[in-house]
Protein chains: 2
Amino acid sequence: MVTIMEEQNPYENILQDFDLLKRLIVGIGEVADITGVAQRKIRYWEEKGIIHSLKGGESSTRRYDYLNIKKIILIQELLEEGFTLDAAARKIGERMKKLHTVFTQLADQSKEE
Amino acid sequence: MVTIMEEQNPYENILQDFDLLKRLIVGIGEVADITGVAQRKIRYWEEKGIIHSLKGGESSTRRYDYLNIKKIILIQELLEEGFTLDAAARKIGERMKKLHTVFTQLADQSKEE
DNA sequence: CGTCATTTGTAATATTTTTACAAAATAGGC
DNA sequence: GCCTATTTTGTAAAAATATTACAAATGACG
């Protein structure tokens, strides 16, 4: 059970940011900096179909959205635990679905306000 | 007073993301896409000292953090309302300070978990 | 050792960003 | 309207970053 004073609830102030987070599509250099995973490695994971970038659009360089950045971080963690790449990707599947649902919901919700 | 069942509180699931949000430092192209403000315009605002990028570090290109992206969006909104650039920057000062406090607090908090 | 998965290296090419100039467009005072 | 300061936009050349397509190195495991 969590109890929060309404006036002091910081989440409300921040809800709107999920819309911004949803729009944050960033290049591979930034993703490498943010996640600590080498660019070359990210490209390899993408070749294997585990990560997906948005190349089709206006840009001809790779762009990653929030959920793919998140995925890169999660996979990195599982690799450090000893999983293979494929196993890590499989293990993450369920969790990514949940994240996707919660995230999309929050982002849309915050957009309306 | 607000009381939330722990299992149903979506904010808790997402709290950790503020640490990620804090690390999201992105290039000018992405910022232009995200905010809808032209690159050239962002550079001008930076020349005037209203926006700040992180150039001193490892990168020699402009990188913007979350709060500066936020600032760009807010200023854009005020300009559309008819404020001058300087007036918009002044008006936003107080709000940015609050955002900075809440944001830093949340990000640090989420990092500890 | 052999094999497959994974990571890393790199040269040539393409894309993006920066800088430093300058010129438009816009707004407000007189 | 004209003047002036602010703000936006354009652009060419140089610098920085990213892509592709090769290949080699490393690691895990039977």
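Letters A, B, ... mirror the listed sequences (proteins, then strands); counts begin at 1.
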Peer 1: Check whether any side-chain N or O of B/Lys41 sits under 4.0 Å from OP1 or OP2 of D/dT7, and answer yes or no.
Peer 2: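 Looking at the OP1 and OP2 atoms of D/dT7, neither is under 4.0 Å from any side-chain N or O of B/Lys41.
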Peer 1: Under 4.0 Å between a side-chain N/O of A/Trp45 and OP1 or OP2 of C/dT6, yes or no?
Peer 2: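 It does not, given that no N or O in the side chain of A/Trp45 lies less than 4.0 Å from OP1 or OP2 of C/dT6.
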Peer 1: For a quick check under 3.5 Å, do A/Tyr64 and A/Glu46 share a side-chain donor-acceptor pair by atom type?
Peer 2: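 Checked: A/Tyr64/A/Glu46 side chains pair up, N/O donor to acceptor below 3.5 Å.
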Peer 1: Who are the side chain to side chain contact (heavy atoms under 4.5 Å, CB included) partners of B/His52, not counting sequence neighbours?
Peer 2: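 Only B/Asn68 meet the side chain to side chain contact (heavy atoms under 4.5 Å, CB included) criterion with B/His52.
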Peer 1: With a 4.0 Å cut-off, would you call B/Arg23 and B/Asp19 a salt bridge?
Peer 2: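 Looking at B/Arg23 and B/Asp19, the cut-off is met.
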Peer 1: Tell me the interatomic distance from B/Glu47, atom CD, to C/dT18, atom C1', rounded to whole angstroms.
Peer 2: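 These atoms are roughly 12 Å apart.
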Peer 1: For A/Tyr44 and C/dC4, give me the distance from atom OH to atom C1', rounded to whole Å.
Peer 2: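 About 9 Å, once rounded to whole Å.
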Peer 1: According to a strict under-4.0 Å criterion, is B/Lys48 in side-chain N/O contact with OP1 or OP2 of D/dT7?
Peer 2: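 Yes, such a contact exists.
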Peer 1: Going by an N to O cut-off under 4.0 Å, is there a salt bridge joining A/Asp33 and B/Arg63?
Peer 2: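 Salt bridge flag = yes for B/Arg63 with A/Asp33.
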Peer 1: From CG of B/Leu85 over to C1' of C/dA25, roughly how many Å is that when rounded to an integer?
Peer 2: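 One finds 15 Å between C1' of C/dA25 and CG of B/Leu85, rounded.
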Peer 1: Taking everything shown except A/Glu94 itself, do over 12 heavy atoms lie less than 6.0 Å from its CD?
Peer 2: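 Count not over threshold, so no.
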Peer 1: Using whole Å, report how far CZ of A/Phe83 lies from P of C/dT6.
Peer 2: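 Result: 14 Å.
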Peer 1: Find the distance B/Asp33:CG to C/dT15:P and express it as a whole number of Å.
Peer 2: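 Rounded to whole Å, this separation is 16 Å.
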Peer 1: Is any side-chain N of the basic residue among A/Asp86 and A/Lys48 closer than 4.0 Å to the acidic one's carboxylate O?
Peer 2: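 Here A/Asp86 pairs with A/Lys48 in a salt bridge, since their nearest N and O are under 4.0 Å apart.
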Peer 1: Determine whether a donor-acceptor pair (N or O, by modelled atom type, separation under 3.5 Å) exists between the side chain of A/Gln76 and the backbone of A/Thr35.
Peer 2: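 The answer is no, because no donor-acceptor pair under 3.5 Å joins these two groups.
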Peer 1: Expected output is a numbered-order residue list: members of residues 72-80 of chain A with a heavy atom under 4.0 Å from any atom of DNA chain D. What is it?
Peer 2: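 Residues of residues 72-80 of chain A that come under 4.0 Å of DNA chain D do not exist, since none gets that close.
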Peer 1: Go along nucleotides 18-30 of chain D 5' to 3' and tag each nucleotide: B for a protein heavy atom under 4.0 Å from its base, S when only backbone or sugar atoms are that close, - otherwise.
Peer 2: SBBBBB-------
Peer 1: Measuring only between side-chain heavy atoms, which start at C-beta, is B/Leu85 closer than 4.5 Å to B/Ile75?
Peer 2: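 Sidechains of B/Ile75 and B/Leu85: in contact.
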Peer 1: Would a 4.5 Å heavy-atom cut-off, applied to side chains only, mark B/Leu24 and A/Ile69 as touching?
Peer 2: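 Of all side-chain heavy-atom pairs linking A/Ile69 with B/Leu24, at least one is under 4.5 Å.
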